[in-house]
Structures are given as C-alpha cells and as structure tokens.
There are 2 protein chains.
Amino acid sequence: MALEHAILVSLLEKPGSGYELARRFERSIGRFWTATHQQIYRVLKRMETDGWVTAVDVGQDGRPDKREFTVSPAGQDVLTGWLHEPVQPEAVRHDLAVKVRGAAFDSAAGRAALVDEVSRYRAEHEDLLTRYLAGEKRDFPDISTLSTGERLQHVVLRGGIAYERMLLDWLDEVLIELRKEP
Amino acid sequence: MALEHAILVSLLEKPGSGYELARRFERSIGRFWTATHQQIYRVLKRMETDGWVTAVDVGQDGRPDKREFTVSPAGQDVLTGWLHEPVQPEAVRHDLAVKVRGAAFDSAAGRAALVDEVSRYRAEHEDLLTRYLAGEKRDFPDISTLSTGERLQHVVLRGGIAYERMLLDWLDEVLIELRKEP
DNA sequence: TCATCCTATGCAACGAGTTGCATAGCAAGC
DNA sequence: GCTTGCTATGCAACTCGTTGCATAGGATGA
C-alpha cells in the first residue's frame, strides 16, 4: 500500500489541503495513482496523528477556510525509507481487455455495440493525450532549464504520453478485429 | 467490480477449477486483471449460489480431486449484460512513477539505489516480454487460420506486448534522468 | 523415512477502496 | 429570493483485496 507515499511526494512538491490533493489526484497524479477525497482525508488524518505531516489553518477570502498540510522531517524519513524498498509490481484492472476476450461469446449485434463503446473510449483517450501534450508544452516549455524535480516530473509525464499513444494504436487493432465478420 | 466477469470469460474459454483459474490469472489473464486464489474461491462460491456457474467433482489420479466449474446460461446472460455496459476507466496503481517523482527528495546515494532497483525492474519486464513473444509464437503460429475467439485473445496478447515494449523504452528514459547529476 | 514441493480448497481477520450522505460558506445568475 | 455550483471537510456502511494460516493427498529426491 502506498497512498501515504503518493501524498508525501505531492506535499513535498507543494504543500496543500486535502481538497487540493484530491484535485491533484484527479489531474496529474491520477495518471499513476488514483484516490478519492474520502481516502485522502482519512489517510491524512492518520498521517497527522503519526506525525508525518503537520497542518495549519489558513483563512481564505471568498472561500471556506482550509487546513494546509506540510511534510514533517519524520514524514521525509518515511518516504526515503519507502523509496529504498523494492518496487512493487503494478496492479492492473483493465476492464476493456476482459470485454474484448468476452466479445467472442456475444452476438454479432453485441459485438457491434462494443465497437461503438471502444470508439467512444478511444476518443476519450485521444482527448487525454491532447491534454497531456498541452500540459507538457505549458509546464515544461524549455527542457534545458529544468531543475531535478522538474525533470523527474517531466519524465513521468512522458510516460503518460507514451502510454496513451500505445493505447490508441492498440485500440485501432482491437477495432479492426472486432469489425471482422466471425 | 468485475472479477466475476473475468472469471466468466475465462470459464467460457475453458471450464476449470478454482485452482486452475488462479493459475490462469497468474499467467495470461493477470496481464489485465490480477486476483489471488482466495478472491477466486470466494467469488466462485457466490457465483455458484447465484446460479452463474455449475460445478462437478472430478476425480484425478495422482492428484487431489477438483471441482470443475462451467458457466450456466444465467452466467452467460450476466456476461453479455456487462459487455453492453460502458467501459470503466482503468484503475492504475503505479508504484514506480510515484518513486521517480519522490526521488527528487532523496539523497544522491538514494537515487543511485533507485537506479539499481529500476534496472532490476526493467530486467523483469524484459523477461516478461520475452515470455509473451514466446507465448505468441507457441499459441498463435499461423494468424490466418484463427477462430474469432483466438483472434480476440491474440489481439489482447498484442496489447500486453505493446505495453511491455512501451514500458521498456520509458524505463530507459527514466534511467537516463535518474543518472543525471542534480 | 523425512523433508520438500505441488495440487487443491478453504477460513478468519484486517486493511483498503467505494458509495452515499451531510454540512457549510460563498459566488453567480435567473 | 432561490437555485445551482464550487470550495472544503467529514461520517458511516459496505464491499473488495491482502495476508496468514490450515488441511490433505500425492510426487520427488536425499
């Protein structure tokens, strides 16, 4: 388990509230680690009692107050300890691949419906790729002037881009197969 | 949730026991849906009481008896119903990407250790790719003579192969970044 | 013969993830 | 004035996933 660690990394990059973290998980971090706001609030509470993070109340005008979290030295130690542990094999839950194999046991009409659904899914990921590329242009306009942290964030984004490109190519293959008459 | 559906697909492709299913999840299906034997036995039990699958005891010589499961018509209906639902966005839990961004907050020695760990991880996935390619050669030697089901299984395997190739290329980029002096 | 490994099934406990709901302040538009 | 929507935090209940353990027959080899 490592939602804690993903939160520590995110807070080290920039301190923030539970709500802000949830936003970051929706956007950039969610590429490689998903979490809902409930999970995040629950884990943050535990991390605070364990002394991994500290919170300060921040008043905002035009908005409700928030509790901004910062990583403590103890939290830093926890993170570096985890960094030195072996990398866990990634957990995969890929709905679509199951459905593609399942399509063999569906009617011709059902397979046609799946073609539509895969096309929709493909369009979604084409959008996502466009957004990643726009984000890359916006956040990393000049690669030669990046700090270490920025270079590492950039290479992770490049991973997301490579994944989406691979996925789109594969979905094209899938569509070809699904459209073939049995 | 859809472990049920992955099991239905696997049993439709070939009836089998809980143990055999666990083996398949370790090997081919685990590429896109992971499950342990405990999960599988628990879900199989529920599926049996719900009438989605039926079991027969099969005596084997030289081995303990097993309970072989087959998909019932009701189970077929459940599967096709699910096939026509929208594809869920895939859940990602990618440890390594978190660590790469976390490396910005580690010492130079810690980053060096991460380089070793990423190299080990890369070697594992190189092995995996080799096994996928061997499996492709073994199971799909002649693409022109495949049935619908086999063609769909093949395109899913091609997805696994494409993923591993993408991953290896990305890991090379990651190693280059991690090796740069800060 | 004894230890070890593989097939085969399963329970129990705990931790993680999901879903639905609740509250509350403020902003914007009808 | 009212609804809608966004920021911000949180509880409760439930399901799913993980880990450790237990049992039991047969195969293999030291």
Side-chain angles (χ1 to χ4, degrees), chain A residues 1-7 10-11 15-27 29-30 32-50 53 55-69 82 85-86 88-95 98, chain B residues 1-7 11 15-27 29-30 32-50 53 55-69 82 85 88-95 98:
Chain A
M1 210 282 99
L3 177 53
E4 284 86 343
H5 306 119
I7 289 177
S10 190
L11 288 180
S17 68
Y19 189 84
E20 283 164 354
L21 280 170
R23 282 322 189 70
R24 294 184 210 168
F25 274 84
E26 266 177 29
R27 299 187 210 290
I29 308 175
F32 48 85
W33 205 279
T34 55
T36 62
H37 81 272
Q38 289 87 345
Q39 282 178 67
I40 290 167
Y41 281 121
R42 184 163 51 183
V43 170
L44 272 176
K45 181 171 284 179
R46 190 170 57 224
M47 291 168 77
E48 198 187 358
T49 57
D50 291 348
V53 294
V56 284
D57 287 312
V58 177
Q60 305 180 106
D61 43 58
R63 287 180 181 185
D65 293 359
K66 64 174 182 179
R67 301 191 68 218
E68 194 169 78
F69 291 90
W82 173 71
E85 283 173 22
Q88 294 298 115
E90 66 268 32
V92 181
R93 292 284 123 117
H94 207 134
D95 223 1
V98 183
Chain B
M1 207 286 98
L3 177 53
E4 285 85 344
H5 305 120
I7 288 176
L11 287 180
S17 68
Y19 189 84
E20 282 163 357
L21 280 170
R23 282 324 190 69
R24 294 185 211 169
F25 273 84
E26 266 176 31
R27 301 188 210 289
I29 308 173
F32 48 84
W33 206 277
T34 54
T36 61
H37 81 271
Q38 288 88 346
Q39 283 178 68
I40 291 168
Y41 281 120
R42 184 162 54 181
V43 171
L44 271 176
K45 182 170 286 180
R46 190 170 58 224
M47 291 169 78
E48 197 186 359
T49 57
D50 291 348
V53 294
V56 284
D57 287 310
V58 177
Q60 306 180 105
D61 43 56
R63 287 179 181 187
D65 292 358
K66 63 175 184 179
R67 300 191 69 220
E68 194 170 79
F69 291 90
W82 173 71
E85 284 173 23
Q88 294 298 116
E90 66 269 33
V92 181
R93 291 285 121 120
H94 206 134
D95 220 6
V98 183

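Quick note on labels: first sequence line is chain A, next is B, and so on, each numbered from 1.
- With the nearest nucleotide of DNA chain C identified for both Glu68(B) and Arg93(B), Glu68(B) has the one nearer the 5' end.
- Partners of Arg42(B) under the side-chain contact (heavy atoms from CB on, under 4.5 Å) rule, at least two apart in sequence or in another chain, do not exist in this structure.
- Protein atom CD of Glu26(B) is 13 Å distant from nucleotide atom P of dT18(D), rounded to whole Å.
- In this structure, Lys45(A) atom NZ and dG15(C) atom P are separated by 17 Å, rounded to whole Å.
- Between Leu21(B) and Leu44(B) the shortest side-chain heavy-atom distance falls below 4.5 Å.
- Across the protein-nucleic acid pair, Gln88(B) atom CD and dG17(C) atom C1' stand 15 Å apart, rounded to whole Å.
- Here the P atom of nucleotide dG25(C) and the CG atom of Asp65(A) are 11 Å apart, to the nearest Å.
- In terms of the side-chain contact (heavy atoms from CB on, under 4.5 Å) criterion, residue partners of Gln88(A) (sequence neighbours excluded) are, by chain and number, Asp95(B).
- A close approach under 4.0 Å does occur between a side-chain nitrogen or oxygen of Arg46(B) and OP1 or OP2 of dC16(D).
- Atoms CD1 (Ile7(A)) and P (dA16(C)) sit 12 Å apart, rounded to a whole Å.
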Polar atom pairs between nucleotides 5-7 of chain D and protein, under 3.5 Å, N or O only, would you list them?
unit_1: dT7(D); atom_1: OP2; unit_2: Tyr19(A); atom_2: OH; d: 2.9
unit_1: dT7(D); atom_1: OP2; unit_2: Arg23(A); atom_2: NH2; d: 2.4
unit_1: dT7(D); atom_1: O5'; unit_2: Tyr19(A); atom_2: OH; d: 3.4

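- For the residue pair Val53(A) and Phe69(A), the shortest heavy atom distance occurs at CG2-CD2, 3.8 Å.
- Residue contacts for Arg42(A): at a heavy-atom cut-off of 4.0 Å it reaches a base atom on one of the strands shown.
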Pairs under 3.5 angstrom, nitrogen or oxygen only, protein versus nucleotides 19-22 of chain D, please.
unit_1: dG20(D); atom_1: O6; unit_2: Gln38(B); atom_2: NE2; d: 3.1

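- Here dT9(D) presents its P atom at 11 Å from CD of Glu48(A), a figure rounded to the nearest Å.
- Sequence order on DNA chain C of the closest nucleotides to Arg67(B) and Ala35(A) puts Arg67(B) first from the 5' end.
- The side-chain contact (heavy atoms from CB on, under 4.5 Å) test applied to Asp50(A) returns Arg46(A), Trp52(A), not counting sequence neighbours.
- In this structure, Arg93(B) has no salt bridge (Lys or Arg N to Asp or Glu O under 4.0 Å) partners at least two apart in sequence or on a different chain.
- Every residue two or more places apart in sequence or in another chain that forms a side-chain hydrogen bond (donor to acceptor under 3.5 Å, both in side chains) with Glu48(A) is listed here: Arg67(A).
- For Leu3(B) and dG17(D), the CG to P distance is 6 Å, given to the nearest whole Å.
- Going from atom CD1 of Ile40(B) over to atom C1' of dT7(C) covers 15 Å, rounded to whole Å.
- For Tyr41(B), no side-chain nitrogen or oxygen approaches OP1 or OP2 of dG10(C) to under 4.0 Å.
- Under the ring-ring contact (aromatic ring centres under 6.0 Å, His included) criterion, His37(B) pairs with Tyr41(B), not counting sequence neighbours.
- Qualifying side-chain contact (heavy atoms from CB on, under 4.5 Å) partners for Glu85(B), counting only residues two or more places apart in sequence or in other chains: Lys99(A), Trp82(B).
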